[in-house]
Structures are given as structure tokens and as C-alpha cells.
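Worksheet for the structure shown next.
Note that the numbering runs from 1 along the sequence shown for the chain. Remember, it's 1-based here, ligands and their atoms both numbered in the order they're listed.
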Amino acid sequence: MNSFPAWYFDESKMAGVDFEDVAQVEAYDRNQTVSTPEKEQALVNRLGISSRHTVIDLGAGTGTFAIQASLIGANVHAVDISQAMINYAQKKAKIFDATNIKFHQAGFLTYQHQDEPVDFVVTKNALHILPDFWKMIAFLRIAELLKPKGIFYLRDVIFSFPPVEYKSSIDEWIKQVAKPEGQGWTTQDFEMHVREEHSTFTWIVEEMLTRSGLKILEVTYLTPVYTEYLCMKPAS
Ligand SMILES: C[S@@+](CC[C@H](N)C(=O)[O-])C[C@H]1O[C@@H](n2cnc3c(N)ncnc32)[C@H](O)[C@@H]1O
């Protein structure tokens with residue numbers, strides 16, 4: 001059994017939304033539009049994941065990506081700190097008949113992989129849960145999970161707007177994406193994200209990725225607040 005120092009981050013104390021609350025888990029699955037089965041299937045294809053590969057999804061949530069990766073035959077490890085999320089994702093996997101997923105209640109900073117290093121590590125909409133120092137530690141751990149030439153895919157709320165424009169950029173984002181009560185994520189949800197969670201700037205994330213030893217192959221600034229990275233662990 002692994003033990004962590006007394007100063008180690010406590011992943012069970014989640015910032016922002018309480019994903020141990022079953023109602024929040026159900027609302028998450030209902031409200032999310034960026035992680036539909038079709039979109040996640042397209043991502044599985046784009047990354048070139050096949051039945052020869054092993055994939056770790058960190059912060060797997062309700063399991064949409066993990067299920068799609070499993071359905072093409074990949075070996076999938078779905079890792080999430082929330083037992084309520086895992087319970088929900090396991091039920092969904094049964095409905096989709098996605099059998100080759102192992103579920104692990106663990107986090108970016110505590111997951112202990114028991115098998116060989118893997119071909120892909122994926123994390124979407126979850127890394128912002130960690131403060132920046134701990135994001136760096138997460139990247140170091142992700143680099144260790146990957147085999148040489150393994151791929152790391154990251155997508156999250158990561159800010160590419162000029163820092164001096166922080167106020168107008170955040171206000172404009174919330175105005176564009178917030179939905180009326182009962183129809184999706186509300187203004188209050190996005191305000192809480194900025195206030196209580198740990199989304200940061202692209203240039204900080206890029207420096208951290210590079211310092212973890214990963215090579216950034218592609219960056220896509222999808223919007224001024226939403227970014228995706230495709231990285232590779234060098235061969236040696
Ligand atoms: C916004 S959801 C994203 C879920 C999924 N990846 C998606 O794209 O729909 C964030 C997930 O991260 C999980 N989470 C929170 N803190 C975590 C941590 N330290 N390690 C791993 N997962 C964590 C939450 O329980 C939640 O399921």
C-alpha cells in the first residue's frame with residue numbers, strides 16, 4: 001500500500017461542484033453537450049485508439065469517452081475520485097454493453113496503475129480541479145503512466161485570452177454559454193467555476209507540460225477559454 005506525505009493534496013475535498021452528490025452527477029450527464037457519445041466516438045477515432053491499445057481516462061465522470069473507447073475494443077481504465085460518478089458510469093457501461101472497462105476510485109494524484117505503461121492517457125474537463133502546483137505533479141504522474149511514444153490528450157477550460165483582458169473575457173464567456181435555469185449550465189455554475197475551481201492560463205499549462213517531459217504535438221485554442229493539447233512521451 002502506498003502512503004503519501006502529510007502535506008499531500010487531499011483529492012477527496014473537491015473544489016467547486018460536489019460530484020459525490022448523486023443529483024449533481026445526474027445533472028452533469030444531462031447538461032453536458034461537449035461529451036456526447038458521437039463526439040467521444042469521433043475523438044476515439046481521431047486519436048487512433050484501437051483494440052490493440054490500453055487507455056486511461058482520468059476524471060472519467062459519467063464514462064461517455066471510456067465507453068466509446070471500450071466499444072471499439074480498447075482496454076480502458078476509467079479513473080475518478082467520486083464513487084457516485086463511478087457508480088453512474090458503471091450502470092451506463094452495462095447499458096452500452098461496454099465490458100472491457102476497469103473502474104478505479106482514485107485521482108490524478110493517487111491513482112496507482114498496476115499494469116504496464118499505457119498507449120493513451122486522456123483527461124477532459126477535469127484537470128482544472130487541481131491548483132497549479134498539483135497540476136504539475138499530475139503531469140509528472142501522467143508521463144510515468146505512458147509508454148514511450150504514448151499519447152496524452154488534454155481538453156479543459158484553460159484560458160488563452162491576454163491576462164489584462166481577464167474581466168471582459170470571463171464576462172463574455174459566461175454570457176455566451178450560460179443557459180436559463182433548467183436548460184443546462186447556468187450563469188451561477190460558470191461563476192462558481194471561475195471563483196472556486198482552478199482553471200489557469202495556457203502558457204502556464206504549456207510550460208508545465210514541457211517540464212513534465214511530454215512533447216506538445218498540437219495545441220488548439222478552441223475558444224479564448226477552452227483549449228486542447230495533444231502530447232507525446234518521447235521515445236527515450
Ligand atoms: C466536469 S467532470 C468531467 C467528466 C468527463 N471527463 C467529461 O469530459 O465529461 C470532472 C470529473 O473529475 C472528477 N474529479 C474531481 N477531482 C478529481 C481528482 N482529483 N482526480 C480525478 N478525478 C477528479 C469529478 O468527480 C468529475 O467526475
Side-chain angles (χ1 to χ4, degrees), residues 4 8-44 46-47 49 55-70 76-93 96 98 101-113 120-142 145 152-158 177 184-186 189-190 192-194 196-199 222 225-229:
F4 294 98
Y8 208 68
F9 189 80
D10 181 356
E11 296 192 286
S12 69
K13 296 199 175 111
M14 220 179 291
V17 183
D18 176 10
F19 285 120
E20 283 299 358
D21 177 347
V22 175
Q24 292 283 3
V25 171
E26 288 169 358
Y28 182 80
D29 208 39
R30 226 178 18 251
N31 287 341
Q32 61 168 338
T33 50
V34 287
S35 175
T36 61
E38 297 71 27
K39 286 180 185 167
E40 301 299 24
Q41 185 59 67
L43 179 59
V44 167
R46 185 181 142 207
L47 293 177
I49 295 172
V55 181
I56 298 174
D57 186 1
L58 292 171
T62 58
T64 313
F65 176 82
I67 289 168
Q68 292 305 319
S70 153
V76 183
H77 296 270
V79 179
D80 202 286
I81 203 73
S82 155
Q83 189 61 54
M85 273 294 189
I86 289 179
N87 295 345
Y88 191 95
Q90 277 175 321
K91 277 193 207 140
K92 237 168 86 170
F96 280 83
I101 308 180
K102 289 198 179 106
F103 291 91
H104 309 268
Q105 191 206 358
F108 287 103
L109 303 171
T110 47
Y111 174 60
Q112 302 290 335
H113 191 61
F120 292 89
V121 174
V122 169
T123 185
K124 296 175 296 86
N125 312 313
L127 189 78
H128 63 261
I129 297 289
L130 298 178
D132 283 357
F133 174 81
W134 296 103
K135 288 189 186 81
M136 182 69 234
I137 311 306
F139 288 150
L140 290 168
R141 298 184 95 246
I142 287 166
L145 291 172
F152 174 46
Y153 175 82
L154 162 66
R155 191 171 72 206
D156 206 352
V157 178
I158 306 173
V177 292
W185 307 114
T186 64
D189 292 323
F190 290 104
M192 182 174 76
H193 179 101
V194 178
E196 295 180 25
E197 303 187 22
H198 303 286
S199 279
L222 296 157
V225 300
Y226 203 55
T227 307
E228 77 174 4
Y229 294 95

Please work out which of the three classes, parallel, tilted or perpendicular, describes the rings of His113 and Tyr111, given edges at 30° and 60°.
tilted

So which heavy atom in the protein is nearest [atom], and how far is it from that ligand atom?
atom                    : value
atom 23 (C) of ligand 1 : Ile81 CG2, 3.6 Å
atom 25 (O) of ligand 1 : Asp80 OD1, 2.6 Å
atom 12 (O) of ligand 1 : Ala126 CB, 3.6 Å
atom 4 (C) of ligand 1  : Gly59 O, 3.4 Å
atom 21 (C) of ligand 1 : Gly107 CA, 3.6 Å

Looking at every heavy atom in both Gly107 and Val79, which two are closest together, and how far apart are they?
N-CG1, 4.3 Å

Which of the atoms of ligand 1 are close to [X], meaning less than 4.0 Å from one of its heavy atoms?
X      : value
Ser35  : 9 (O)
Ile129 : 15 (C), 16 (N)
Gly61  : 4 (C), 27 (O)

Could you list the residues that satisfy side chain to side chain contact (heavy atoms under 4.5 Å, CB included) with Glu228, not counting sequence neighbours?
Arg46, Tyr153, Arg155, Thr220, Leu222

Under 4.0 Å, heavy-atom basis, I'd like to know which part of [X] is in contact with ligand 1: side chain, backbone, both or neither.
X      : result
Tyr28  : side chain
Met14  : side chain
Phe108 : both
Asn125 : both

Roughly how far, to the nearest 0.5 Å, is CG of Leu43 from CD of Glu38?
13.5 Å

So, the side chain of [X] versus the backbone of [Y]: is there a donor-acceptor pair under 3.5 Å, distance only?
X      : Y      : result
Lys124 : Phe65  : no
Ser70  : Ile101 : no
Ser82  : Phe19  : yes
Asp57  : Ala78  : no

Considering both backbone and side-chain atoms of Thr62, is one of its nitrogen or oxygen atoms within less than 3.5 Å of a nitrogen or oxygen in ligand 1?
no

Backbone or side chain, does any N or O of Glu11 fall under 3.5 Å from an N or O of ligand 1?
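For ligand 1, there is an N or O atom that lies under 3.5 Å from one belonging to Glu11.
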
Verify the distance criterion only: is there a donor paired with an acceptor across the side chains of Glu11 and Thr110 at less than 3.5 Å?
yes

Among Phe139, Phe108, Phe9, ring-ring contact (aromatic ring centres under 6.0 Å, His included) partner for Trp134
Phe9

For Leu58, is the nearest heavy atom under 4.0 Å from an atom of ligand 1?
no

